[in-house]
Visitor: 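Sharing a structure below in structure tokens format, with a few things to ask.
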Amino acid sequence: MTHPTAAGPATYGTVTKVLHWLTAALILTIIPLGIIASDMAYDTNEALAQKAQLFTIHKTLGVAVFFVALARIVWALGHPKPAPLHPERRAETLLAEVIHWLLYAALVITPLTGWISHAATTGFAPIWWPFGQSLPFVAKSESTAHLFDSLHWVFGKVMIGALLLHIAGALKHHIIDRDATIRRMWFGKTVAPDAGYHRTPIAAPLLAAAIVAIGVVTGFALNGAPGDARQTAALGDVASDWTVQEGTLAITVTQFGSPVQGSFADWTAAITFDPDADTDAGQVDVTIAIGSLTLGSVTDQAMGADFFNAESFPTATFTAPITKTAEGYVADGTLTLKGTAAPVTLPFNLTLDGNTATMQGSTTLNRQTYAIGDSMNDETNLGFDVTVDIALTATKAE
């Protein structure tokens, strides 16, 4: 008598069937979810909330696919299965094994790369599992997120292709060959030939699947995949009495109640500063390349016309006199952003060590002042306040 969880010669075991159809249900759900969510607009509060909800479901089910696929592979490696019904068709049998294991690989790699991309960034569409917002050894990094997002896209296409070929093969067996291939994977009593037990000759299929996967990744590396095609304004050198050696210009927004941090990679500062002045200590003129902003998972959205509109307004400027106060220093000037000039006060602390100055400052802006995210007219999805944090080290020119 065959144990119900073991593969018999005429049919697959119950565990194999459950894992197979559970995997099928999951991937046939997450694929359309991902496509629909990616194509959805996000020009209103309601649209953005719906888009985020679909992505959250997509990610949550994707994590489930990862673990179910791992369980399925472990089970397949440790248990024999019914032999092919047409062993004399060696080429067809080998091709089926290659597609089968390529699909296995994609079912692990696709959700894993998406999961790593999620963990490497901040904001937008959290995973519902009580784990997985971050992953060990995965730092918050825009470049890491972009790399694994691109790999997720590539292997997603591999998964869809292997899935379609797998389905086509099953239908060919059912409609053309009229054999019991599909019935052996279904529940209940199955009338099928006693084909004996079969262990997959793993080496050849895995090697062939690895060659195909390497070819796909190589094609991605050589030709690229959908990604960030933003153009960043080129900023020229500026004459400055103090030269910035290193610094960060960071912003923090609140989306769906959670902070999302980002920074501008490209900006210049022309600074005149007299540390011995009593009140009027100097002047600062900052130019910021808007396209250099990285803002977690919402970077591309932030560049859009309703937000920073980087294409029409590639730079922002901040011009302010520097005033010494009893508490430290303040740059009280004008920020011109997205064609709107408005007053901004930036208090900051300064530490002097010979000809080296280190400053840290922070201020809060209201995005509505600059018509950023006008379609998000309440704070349900996107907070009005934006925190700006600046830190730099500059040396005085000799």
Visitor: Please answer whether the main-chain N or O of A289 pairs with a side-chain N or O of S292 as donor and acceptor at a distance below 3.5 Å.
Guide: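 Yes; at least one donor-acceptor contact below 3.5 Å.
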
Visitor: If you draw a 6.0 Å radius around CD in E311, do more than 12 non-hydrogen atoms from other residues or ligands fall strictly inside?
Guide: no

Visitor: Do I288 and T317 come close enough that some side-chain heavy atom pair is under 4.5 Å?
Guide: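 No - every pair of side-chain heavy atoms lies 4.5 Å or more apart.
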
Visitor: Less than 6.0 angstrom separating the ring centers of W267 and F264, yes or no?
Guide: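 W267 vs F264: aromatic centres not under 6.0 Å.
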
Visitor: Shortest non-hydrogen contact from M303 to G291?
Guide: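 The pair with the smallest heavy-atom distance is SD-CA, 3.9 Å.
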
Visitor: Would you say that more than 12 heavy atoms from the other residues, nucleotides or ligands in this model lie under 6.0 Å from the CD of Q50, or not?
Guide: no

Visitor: Assess whether side chain to side chain contact (heavy atoms under 4.5 Å, CB included) is satisfied between D285 and F318, documenting all intermediate values.
Guide: CA-CA 6 Å; D285 297 288; F318 176 63; over 6 Å; no

Visitor: Passes side chain to side chain contact (heavy atoms under 4.5 Å, CB included), V330 versus K324? Steps please.
Guide: CA-CA 7 Å; V330 63; K324 188 174 183 179; over 6 Å; no

Visitor: Test: side chain to side chain donor-acceptor pair (under 3.5 Å). Region: residues 233-248. Which pairs qualify, not counting sequence neighbours?
Guide: Q245-T395

Visitor: Got a second to check how far L163's CG is from I160's CD1, nearest 0.5 Å?
Guide: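 L163 CG to I160 CD1: 8.0 Å, rounded to 0.5 Å.
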
Visitor: Counting N and O atoms only, with roles assigned by atom type, does the side chain of K140 sit under 3.5 Å from a partner on the main chain of A119, one being a donor and the other an acceptor?
Guide: yes

Visitor: Does a side-chain heavy-atom distance below 4.5 Å link V158 with T110?
Guide: no

Visitor: Measure the spacing between CZ of F307 and CE of M376 and express it to the nearest 0.5 Å.
Guide: 4.5 Å

Visitor: Can the ring centres of H152 and F148 be said to be less than 6.0 Å apart?
Guide: no

Visitor: Apply the side chain to side chain contact (heavy atoms under 4.5 Å, CB included) test between Q261 and each candidate in T252, I251, T121, D389; give the one that qualifies.
Guide: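 Answer after filtering T252, I251, T121, D389: T252.
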
Visitor: In terms of heavy-atom contacts, does CD of Q360 have more than 12 from other residues, nucleotides or ligands at under 6.0 Å?
Guide: no

Visitor: Mind checking the NE2-CG spacing from H118 to L135? Nearest 0.5 Å is all I need.
Guide: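 Here the interatomic distance stands at 8.0 Å.
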
Visitor: Would you mind reporting whether V63 and W115 have side-chain heavy atoms less than 4.5 Å apart?
Guide: yes

Visitor: Just so I know, are the side chains of P32 and I35 near enough to count as touching, which here means a heavy-atom distance under 4.5 Å?
Guide: no

Visitor: If you group Ile, Leu, Val, Met, Phe, Trp and Tyr by side-chain heavy-atom gaps below 4.5 Å, do V108 and I99 land in one group?
Guide: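 No, because V108 and I99 fall into different hydrophobic clusters, even though each may have its own neighbours under 4.5 Å.
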
Visitor: Can you classify the ring geometry of F131 versus W129 as parallel (below 30°), tilted (30 to 60°) or perpendicular (above 60°)?
Guide: parallel

Visitor: With a cut-off of 6.0 Å (strictly less than), are more than 12 heavy atoms of other residues, nucleotides or ligands near NZ of K396?
Guide: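 Not more than 12 within 6.0 Å, no.
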
Visitor: Quick check: is V238 connected to L335 through a chain of hydrophobic side chains (ILVMFWY, heavy atoms under 4.5 Å apart)?
Guide: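 No; tracing contacts between hydrophobic side chains, which count when under 4.5 Å, never links both residues.
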
Visitor: Using a 3.5 Å distance criterion without hydrogens, assess whether the side chain of T363 forms a donor-acceptor pair with backbone atoms of L346.
Guide: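 No, T363 side chain to L346 backbone: no donor-acceptor pair under 3.5 Å.
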
Visitor: What is the minimum heavy-atom distance between T369 and T340, and which atoms define it?
Guide: O-CG2, 3.6 Å

Visitor: Applying the 4.5 Å side-chain criterion to the ILVMFWY set and letting contacts propagate, would L95 and L164 be lumped into a single cluster?
Guide: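 Per the 4.5 Å side-chain linkage, L95 and L164 are not co-clustered.
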
Visitor: Side chains of S263 and L293: does their closest heavy-atom pair fall under 4.5 Å?
Guide: no

Visitor: Are any side-chain N or O atoms of S117 and backbone N or O atoms of T113, one a donor and one an acceptor, separated by less than 3.5 Å?
Guide: no

Visitor: I need the minimum non-hydrogen distance between R367 and D374, along with the two atoms involved.
Guide: NH1-N, 4.5 Å

Visitor: Using a 3.5 Å distance criterion without hydrogens, assess whether the side chain of K51 forms a donor-acceptor pair with backbone atoms of A125.
Guide: no

Visitor: Applying salt bridge (charged side-chain N to carboxylate O under 4.0 Å, His left out), can you list everything that pairs with E92, at least two apart in sequence or on another chain?
Guide: R89, K172

Visitor: When rounded to the nearest 0.5 angstrom, what distance separates OG1 in T60 from CD1 in I127?
Guide: 6.0 Å

Visitor: Flag the pair T181 / H174 as yes when at least one side-chain heavy-atom distance between them is below 4.5 Å, and no otherwise.
Guide: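 They are not in side-chain contact.
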
Visitor: Are V386 and F256 joined in one hydrophobic group, where the rule is that I, L, V, M, F, W and Y side chains link up if heavy atoms are under 4.5 Å apart?
Guide: yes

Visitor: Can you tell me how far CG of L337 sits from CD1 of I372, rounded to the nearest 0.5 angstrom?
Guide: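 Here the interatomic distance stands at 4.5 Å.
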
Visitor: Of all heavy-atom pairs between V244 and A269, which one has the smallest distance, and what is that distance?
Guide: CG2-CB, 4.1 Å

Visitor: Walk me through whether F187 and V18 qualify under side chain to side chain contact (heavy atoms under 4.5 Å, CB included).
Guide: CA-CA 9 Å; F187 299 95; V18 169; 4.0 Å; yes

Visitor: Stepwise, does the side chain to side chain contact (heavy atoms under 4.5 Å, CB included) test hold for W75 with T16?
Guide: CA-CA 7 Å; W75 187 263; T16 300; 3.0 Å; yes

Visitor: So, D177 side chain and D179 main chain: donor-acceptor pair closer than 3.5 Å or not?
Guide: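 Side chain of D177 to backbone of D179: no pair is present.
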
Visitor: Looking at every heavy atom in both I182 and A170, which two are closest together, and how far apart are they?
Guide: CD1-O, 3.5 Å

Visitor: Where do I30 and G62 come nearest, in terms of heavy atoms and distance?
Guide: CG2-N, 4.2 Å

Visitor: Run D385 and T364 through side-chain hydrogen bond (donor to acceptor under 3.5 Å, both in side chains) and show every step you take.
Guide: CA-CA 6 Å; D385 288 343; T364 300; over 6 Å; no

Visitor: Do E327 and P347 have side chains that get closer than 4.5 Å, going by heavy atoms?
Guide: no

Visitor: When you compare the side chain of K338 with that of F308, does any pair of heavy atoms fall below 4.5 Å?
Guide: no

Visitor: What's the spacing between F313 CZ and Y370 OH if we round to 0.5 Å?
Guide: 13.5 Å

Visitor: Taking L295 as the starting point, is it possible to reach F384 by hopping between hydrophobic residues whose side chains are less than 4.5 Å apart?
Guide: no

